[in-house]
Structures are given as C-alpha cells and as structure tokens.
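All remarks here apply to the structure that follows.
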Amino acid sequence: MTRIEKIRGALQLTLQPQQIEVEDESHLHAGHAGAATGRGHFNVKVVAEAFTGQSLIARHRMVYAAVDALMQTDIHALSIRALTPAESVAQSSSN
Amino acid sequence: MDALERIKQQVTENPIIIYMKGSPDFPQCGFSARSTQALKACNVPFSFINIFEDEEIYRALPKFANWPTFPQLYVKGELIGGCDITLDLFQSGELKKMLDEAVASGKKAA
C-alpha cells in the first residue's frame, strides 16, 4: 500500500468524507532537514460533514487525529484544507 | 521548571509568539517561512522561539496543545494553529484583527 493510500484509508475510516484528495509533495522537500527522517510531506483536502460547526483548529485536530499513527511512520508534514460540503460547493462555484 | 511549564510561561508572557524552525529572518522550513511572512505583513511585534535551539521545547511542544507539527502560533496564550490556519486567517483579514487586539490588550495589562 502506498503512503497516499494509507492516508486516504485513515481519513476515510474516521471522518467518512465526501471527498479526499492526497498529494505527495515530498519531492519538493528533498534535502530539507525533515526529509532526512524518511517521512513525507503531503497536501490533503478533505470535504466532510463532520466539520460542520467546527472551528478551523478543531478541524485540523480531527484530521491529525485520524492520521495519528502515520505521523510517527509516514508523515513529516501535512498541509490541510478541511471543508464542509457546503463550503466546498461555495468555493468551487466562486473559482 | 520543566519544558511544559516553560512553554506555558512563554505563551502567557508573550501576547503573540510563534514556535518555528529557524528565525523570522532565517527560517529553516517553508511552513515557518510562510507563517512569519504573514505575521510580518500584519505589522505587529511578535516573539519567536527557534525550536532547533531548544531540544526540550521541540520535544514537549506537540504535547503542550496536542498539535503534532511546527510552526505553532499562539495568541494570548491560545494555540491559533499551524501554517495553513495562519495563512487562511491572514487572507481573510482575521489574523491582523486578532493580532492588533492582542497587542492592544497587552498594552493595557502592562
């Protein structure tokens, strides 16, 4: 299983999102101090009903909690966009 | 004083403080660089701790506010978030408001 699949799986299990996008950006950080640990940099976009009514910090905590085990083994840094389904629709129509 | 107590003291004594890799002038991580750029653009004084210079703080910080990554921005003792949240708040204009208010209330207290 690739790292992207592991991250998708962990998010799917905990947050039951409508949409998950995971991008591996590790190649952009090769040679960086964090890259030496062997863990990667990832961008995730998660659209989930579970975020409704939650502050930004609470949403990010929910994402971190979902991938907690992978933070030790596969993830060095995670860039997170956590949207509710309503926000996701609003964003895509304004773009 | 153990590391968690030192963090508690730092975030209490400094109305705006960022725990980062490197310094605002020589950041050693892209996320730390982007976060401090946003803080600088808000034109308010802020404190920083270079976590590479304090191994104890580096290890203890993720436990302090249950947040696993760096940088971490604290305003008036409260964790605001990491790079993504800092930039989101900057873009919406909320960061500037929040920081100005923290500076103003810090002056009143002093």
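Within every chain, numbering begins at 1; the chains are lettered A, B, ... in the order of the sequence lines, protein sequences first and strands thereafter. In this text, all values refer to a predicted model and were calculated from it rather than measured experimentally.
B/K76 has its side chain within reach of B/S105: a pair of non-hydrogen atoms, C-beta onward, lies under 4.5 Å apart.
In this structure, A/H76 NE2 and B/T69 OG1 are separated by 9.0 Å, a value rounded to the nearest 0.5 Å.
In this structure, the portions of B/L79 lying under 4.5 Å from any heavy atom of chain A include both its backbone and its side chain. Contact annotation for A/I75: neither backbone nor side-chain heavy atoms come within less than 4.5 Å of a heavy atom of chain B. Of the two parts of B/F31, only the side chain, counted from C-beta on, holds a non-hydrogen atom closer than 4.5 Å to a non-hydrogen atom of chain A. If you measure heavy-atom distances from B/D88 to chain A, the contacts under 4.5 Å come from the side chain alone.
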Please tabulate, for side-chain N and O atoms in residues 9-20 of chain A, each donor-acceptor pair with protein atoms closer than 3.5 Å (sequence neighbours left out).
residue : atom : partner : partner atom : Å
A/T14   : OG1  : A/A10   : O            : 2.7
A/Q16   : NE2  : A/L13   : O            : 3.3
A/Q19   : NE2  : A/E21   : OE2          : 2.7

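Here A/D24 does not pair with A/R3 in a salt bridge; the nearest charged N to carboxylate O distance is not below 4.0 Å.
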